[in-house]
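Only one structure is covered here, and it is reproduced in the block below.
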Amino acid sequence: DRAQAEIFAACETHQRKGFTHVRPLMLATYDRLEEIRLNKGQLLGIPSGLRDLDEFTLGFQPTDFVIVAARPGSGKSAILLQIASHAAKDDRTVGFFSLEMSQEQMALRLVANEAQVRGDDLRSGYATPDDWGRVTAAMSEISKRGIYFDDTPSLSVLELRTRARRLLMEHGLDLIVVDYLQLMKAARQSKDGNRVLEVTEIADGLKALAKELRVPVIAAAQLNRRSESSETGEPRLSDLRESGGIEQVSDIVLLMWRDREQDPLSDGEIINANLAKHRNGPTGPMKFLFRKAQTRFESVADWKEQ
């Protein structure tokens with residue numbers, strides 16, 4: 001790791017860009033604005049597949065560093081996997097780095113989500129014949145998508161960057177997903193064990209990767225327990241665990257928490273969400289229906305229309 005870090009630093013010195021005159025920037029900006037004008041109301045970035053979120057972001061844009069933060073068990077991994085799967089539908093290539101779950105676990109969740117069957121029934125063998133018909137159809141569809149999993153534990157930013165570059169060269173790359181940020185290893189371990197500095201370095205590295213490869217990077221992050229102490233349980237940006245650096249370097253931060261006052265639902269549970277930071281657009285609240293058995297998220301508005 002240390003040798004790789006030194007080699008990368010040496011190479012990076014020659015790759016850093018100098019000044020750019022404003023004229024070519026104006027030409028590129030005009031082309032971009034013209035494209036937006038001609039495609040008014042359409043998503044020009046990578047869609048999440050969740051209507052409320054896409055209305056705020058208009059799709060994730062190149063170089064965006066996106067944080068999805070929640071307490072354990074609130075569906076961070078599920079929503080990241082669903083976004084990755086949806087993004088890969090339109091011939092896009094997604095690199096999914098899972099530091100928490102194995103590839104096999106992720107594959108099972110993908111199938112349950114796509115087929116809309118209970119994961120417990122699949123694992124226990126109690127799926128119905130109708131379920132199996134949907135499962136085989138879902139597997140056939142998922143197999144066509146460009147999703148690449150890496151479940152190496154304790155990855156450093158340098159290792160992740162190397163693997164992302166290789167994926168870009170071999171298959172192309174449109175989106176990087178990391179589950180989750182605090183499980184990553186800093187390239188340089190703090191001598192005094194200062195985890196705040198290490199997490200800040202990891203966040204800086206992921207943002208730099210998004211800019212270098214010009215793709216969105218979406219990472220899950222843990223919230224600290226203090227976020228549960230309020231009456232509603234609504235978290236704030238300051239509740240991001242172990243580092244204020246995550247808040248500073250990110251372009252988009254989506255905070256999620258369980259609705260404590262909700263009535264029991266047979267379909268799932270309501271997850272509150274707040275787009276607490278959006279560097280290039282609006283912020284605001286939204287609600288999702290989380291079908292935990294199927295590891296599937298839906299916008300509440302879409303669910304009510306069904």
### Query
Can you name the side-chain contact (heavy atoms from CB on, under 4.5 Å) partners of Val215, sequence neighbours left out?
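side-chain contact (heavy atoms from CB on, under 4.5 Å) list for Val215, sorted by chain: Ile176, Leu213.
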### Query
Quick one: side-chain contact (heavy atoms from CB on, under 4.5 Å) partners of Ser98, sequence neighbours excluded?
Phe96, Met101, Met106
Would you check if [X] and [Y] make a side-chain contact, meaning some heavy-atom pair closer than 4.5 Å?
{"X": "Asn280", "Y": "Gln61", "answer": "no"}
{"X": "Val217", "Y": "Asp64", "answer": "no"}
{"X": "Ser74", "Y": "Trp257", "answer": "no"}
{"X": "Glu201", "Y": "Val157", "answer": "no"}
{"X": "Met286", "Y": "Leu53", "answer": "yes"}
{"X": "Ile252", "Y": "Ile67", "answer": "no"}

Is [Y] paired with [X] through a side-chain N to carboxylate O contact shorter than 4.0 Å?
{"X": "Arg258", "Y": "Glu269", "answer": "yes"}
{"X": "Arg161", "Y": "Glu159", "answer": "no"}
{"X": "Asp131", "Y": "Arg134", "answer": "yes"}
{"X": "Glu141", "Y": "Lys89", "answer": "no"}
{"X": "Lys277", "Y": "Glu247", "answer": "no"}

Going from [atom1] on [X] to [atom2] on [Y], what distance comes out if it is rounded to the nearest 0.5 angstrom?
{"X": "Arg166", "Y": "Tyr148", "atom1": "CZ", "atom2": "OH", "answer": "13.5 Å"}
{"X": "Ile83", "Y": "His86", "atom1": "CD1", "atom2": "NE2", "answer": "9.5 Å"}
{"X": "Phe65", "Y": "Asp204", "atom1": "CZ", "atom2": "CG", "answer": "8.5 Å"}
{"X": "Glu114", "Y": "Gln82", "atom1": "CD", "atom2": "CD", "answer": "9.5 Å"}
{"X": "Leu160", "Y": "Ile202", "atom1": "CG", "atom2": "CD1", "answer": "10.5 Å"}
{"X": "Leu240", "Y": "Asn224", "atom1": "CG", "atom2": "CG", "answer": "8.0 Å"}

Please name all residues satisfying side-chain hydrogen bond (donor to acceptor under 3.5 Å, both in side chains) with [X], sequence neighbours left out, ordered by chain then number.
{"X": "Ser85", "answer": "Arg145"}
{"X": "Asp179", "answer": "Ser77"}
{"X": "Lys207", "answer": "Asp251"}
{"X": "Asp91", "answer": "none"}

Minimum heavy-atom separation for [X] to [Y], with atom names?
{"X": "Met184", "Y": "Val178", "result": "SD-CG1, 3.9 Å"}
{"X": "Ala87", "Y": "Leu175", "result": "CB-CD2, 3.9 Å"}
{"X": "Thr295", "Y": "Arg109", "result": "OG1-O, 3.4 Å"}
{"X": "Asp174", "Y": "Pro216", "result": "O-CD, 3.2 Å"}
{"X": "Ala276", "Y": "Leu255", "result": "CB-CD1, 3.7 Å"}
{"X": "Ala273", "Y": "Leu254", "result": "CB-CD1, 4.0 Å"}

### Query
When you look at CZ of Arg23, are more than 12 heavy atoms from neighbouring residues, nucleotides or ligands closer to it than 6.0 Å?
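Atom CZ in Arg23 is not packed in, count stays at 12 or less.
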For the pair [X] (side chain) and [Y] (backbone), establish whether a donor and an acceptor sit closer than 3.5 Å, ignoring hydrogens and angles.
{"X": "Thr136", "Y": "Gly133", "value": "yes"}
{"X": "Glu55", "Y": "Asp52", "value": "no"}
{"X": "Ser250", "Y": "Ile246", "value": "yes"}
{"X": "Asp90", "Y": "Arg92", "value": "no"}

### Query
Can Glu298 and Phe288 be said to form a side chain to side chain contact (heavy atoms under 4.5 Å, CB included), step by step?
CA-CA 6 Å; Glu298 297 175 14; Phe288 301 124; over 6 Å; no
### Message
Centre-to-centre under 6.0 Å for His278 and Phe56, is that the case here?
### Response
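No, the ring of His278 stays outside the 6.0 Å limit from the ring of Phe56, centre to centre.
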### Query
Do Asn113 and Gln294 have side-chain N/O donor and acceptor atoms under 3.5 Å apart?
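Absent: no donor and acceptor within the cut-off.
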### Query
Any luck finding a side-chain donor-acceptor pair between Thr128 and Asp130 under 3.5 Å?
no
### Val177, Leu110, Ile147 screened by side-chain contact (heavy atoms from CB on, under 4.5 Å) with Leu81, the one that passes
Leu110
### Task
Please say which of Leu223, Asn272, Ile79 ends up in a side-chain contact (heavy atoms from CB on, under 4.5 Å) with Met256.
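Option passing the side-chain contact (heavy atoms from CB on, under 4.5 Å) with Met256: Ile79.
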### Message
Run the side chain to side chain contact (heavy atoms under 4.5 Å, CB included) test on Ile271 and Lys287 for me, step by step, so that the C-alpha distance in whole Å, both residues' side-chain angles and the decisive distance to 0.1 Å come before the verdict.
### Response
CA-CA 6 Å; Ile271 297 292; Lys287 288 180 180 290; over 6 Å; no
### Query
Checking side chain to side chain contact (heavy atoms under 4.5 Å, CB included) for the pair Thr152/Arg163: CA distance, chi angles, key distance, verdict?
CA-CA 11 Å; Thr152 307; Arg163 296 175 190 215; 2.7 Å; yes
### Ring geometry between Phe290 and Phe297 (parallel below 30°, tilted from 30 to 60°, perpendicular above 60°)
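Correct class here is parallel.
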#### Entry: Test side chain to side chain contact (heavy atoms under 4.5 Å, CB included) applied to Tyr180 and Leu99, step by step
CA-CA 6 Å; Tyr180 61 91; Leu99 288 83; over 6 Å; no
